[in-house]
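Data first, discussion second: the structure below is written as structure tokens.
Quick note on labels: first sequence line is chain A, next is B, and so on, each numbered from 1. Predicted, not measured: the structure shown is a model, and the values here were computed from it.
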Protein chains: 2
Amino acid sequence: MADTTVSKVSDTPRTSVGRDGVLNVAARLFREQGYGAVSLRKIAEAAGIKASSIYYHFGSKDEIVAAVLDAGIEAVHESMRQAIAVLPTDTGAEAALRAAIGAHLRALLEVSDYSSANVRIFGQVPQSVRDANLPTRRAYEAEWDALLSRLQKNGALQRDVDIRRLRLMLIGALNATLEWFDPDRGSAEALSRTYADVFLNGILER
Amino acid sequence: MADTTVSKVSDTPRTSVGRDGVLNVAARLFREQGYGAVSLRKIAEAAGIKASSIYYHFGSKDEIVAAVLDAGIEAVHESMRQAIAVLPTDTGAEAALRAAIGAHLRALLEVSDYSSANVRIFGQVPQSVRDANLPTRRAYEAEWDALLSRLQKNGALQRDVDIRRLRLMLIGALNATLEWFDPDRGSAEALSRTYADVFLNGILER
DNA sequence: CCATTTACCTAACATACGTTAGTTAGGTGA
DNA sequence: TCACCTAACTAACGTATGTTAGGTAAATGG
């Protein structure tokens with residue numbers, strides 16, 4: 001996650017800002033302020049260029065937003081894939097789920113402005129932009145469903161839980177964290193463990 | 001929840017629209033379309049009056065939004081209080097939590113445009129409007145914390161779970177439902193039971 | 001060396017927004 | 001009856017927004 005203290009980049013651009021530069025700034029601003037509060041002029045100013053210059057790199061504001069949304073899912077998807085891939089082959093169901101939860105939460109809270117921007121602004125952007133993001137989303141959702149189904153077939157998960165519903169509940173809960181997470185009250189790592197504990201074993205004493 | 005099919009009210013107003021009429025329409029539109037997509041002119045048209053007439057009832061757009069936000073929390077708070085109040089005095093911890101979860105979800109998904117609008121647009125409105133909603137929110141949060149603390153002291157909940165964190169996770173998960181709930185795939189009642197099952201007992205087979 | 005491309009710039013436009021000023025028709029109470 | 005209040009109205013203003021047209025300086029490459 002990029003530095004958050006100042007909203008403007010160095011005044012004398014030693015090199016060109018470029019498409020990626022604009023995109024990085026846009027993702028950060030969207031994460032911090034939401035969709036409606038971020039105009040092209042704000043993005044441009046934070047990037048150190050003029051609003052109209054953005055049109056050299058993008059055809060419209062929607063195109064920027066769409067790029068941010070897609071990159072956001074790609075980032076969290078890659079984070080999860082990686083976390084699963086590095087596990088030993090004999091890793092148990094519980095540990096696998098813990099790893100996936102940790103990867104999702106880490107991408108959201110610590111790594112990617114794109115992922116957090118996606119979660120924050122998805123519900124605020126025009127329908128057409130949302131629709132454009134759906135294929136990418138579905139691929140990520142499929143990855144989760146595959147993981148959860150595997151665990152269920154192993155007998156680790158209860159037979160009667162609906163995989164799709166469980167995935168929606170779990171990712172929904174994790175994403176909601178973005179609205180209240182405060183690193184001063186505990187690390188993302190610790191929070192991730194708590195999520196896993198609650199979803200795996202519940203909160204009832206026994 | 002009001003009728004959703006048509007966005008305009010009867011053309012010949014037999015009676016005045018009034019402050020509440022404007023508010024009801026605003027809540028519905030905010031729930032359906034989010035904050036940024038709903039202008040005063042849209043609210044006015046859907047209510048059957050002109051945009052400037054809104055200023056007879058409200059001093060600014062922010063004032064409307066603030067009123068919707070507060071009413072949204074009041075509604076879900078009242079729903080929860082009611083659900084707890086009607087329980088027999090000898091009701092167990094588990095049943096009490098189930099009732100609270102059900103009340104929250106019902107208000108969100110079936111009863112109140114105000115509550116769903118609150119969840120949908122809170123993260124999109126200007127900071128000052130958000131701040132104005134905080135006291136009302138805190139009262140509702142305190143109610144949850146009181147309930148959860150009581151259950152924990154009874155020994156029903158695990159001793160080591162942090163109440164504040166648990167409340168944030170639980171309400172966050174419930175609120176996220178708004179983004180994907182589809183009554184055709186199962187009732188809010190059934191979904192509420194699933195939430196309770198997962199949070200109380202977890203998903204692991206044992 | 002010069003033509004072309006890259007990455008920006010200035011200036012402006014139309015549109016949509018929240019908001020204000022001043023007006024009006026219909027009901028209410030003295 | 002008539003003054004007043006209620007709940008609207010018409011018209012307009014300033015501002016911010018996404019976007020377009022046309023220009024420019026520096027790097028690139030044959």
Could you measure the distance from the CG atom of B:L178 to the CG atom of B:L109? Nearest 0.5 Å is fine. 6.5 Å

Nearest-Å distance, CG (B:L40) to P (D:dA16)? 17 Å

B:K50 atom NZ is separated from C:dT24 atom P, nearest whole Å, by 17 Å

Any idea which of D:dA11, C:dG18, C:dC9 is nearest the A:S53 side chain? C:dC9

Atom-pair distance (CZ on A:R19; P on C:dT5), nearest Å: 21 Å

From the set C:dT19, D:dA7, D:dC9, return the single nucleotide nearest to any side-chain atom of B:I49. D:dC9

Rounded to the nearest angstrom, tell me the gap between atom CD in B:E45 and atom C1' in C:dC17. 15 Å

Looking only at the side chain of A:S52 (C-beta and beyond, no hydrogens), which of the listed nucleotides C:dT19, C:dA11, C:dA7 gets closest? C:dA11

Can you identify which nucleotide, out of C:dC8, D:dC9, D:dT20, has its nearest atom closest to the A:Y55 side chain? D:dT20

B:L148 and side chain to side chain contact (heavy atoms under 4.5 Å, CB included): which partner among B:D162, B:I163, B:V161? B:I163

Between atom CG in A:D20 and atom P in C:dA7, what is the gap in whole Å? 11 Å

Closest to the side chain of A:S39, out of D:dT17, D:dC9, D:dA7, is D:dT17

Respond yes when some side-chain nitrogen or oxygen of B:H57 is under 4.0 Å from OP1 or OP2 of D:dT6, and no when none is. no

Nearest listed nucleotide, side chain of B:R41, among D:dT19, C:dT19, D:dA8: C:dT19

Residues B:R137 and B:N118: side-chain donor-acceptor under 3.5 angstrom: yes

For B:K42 and C:dG18, what is the distance between atoms NZ and P respectively, to the nearest whole Å? 10 Å

Phosphate OP1/OP2 of D:dT19 contacted by A:K61 side-chain N/O (<4.0 Å): no

Between B:H104 and B:Y195, is any side-chain donor less than 3.5 angstrom from a side-chain acceptor? no

Determine whether the side chains of B:D70 and B:Y114 contain a donor N or O and an acceptor N or O closer than 3.5 Å. no

Counting side-chain heavy atoms from C-beta on, which of D:dG18, C:dA7, D:dA21 comes nearest to A:Y56? C:dA7

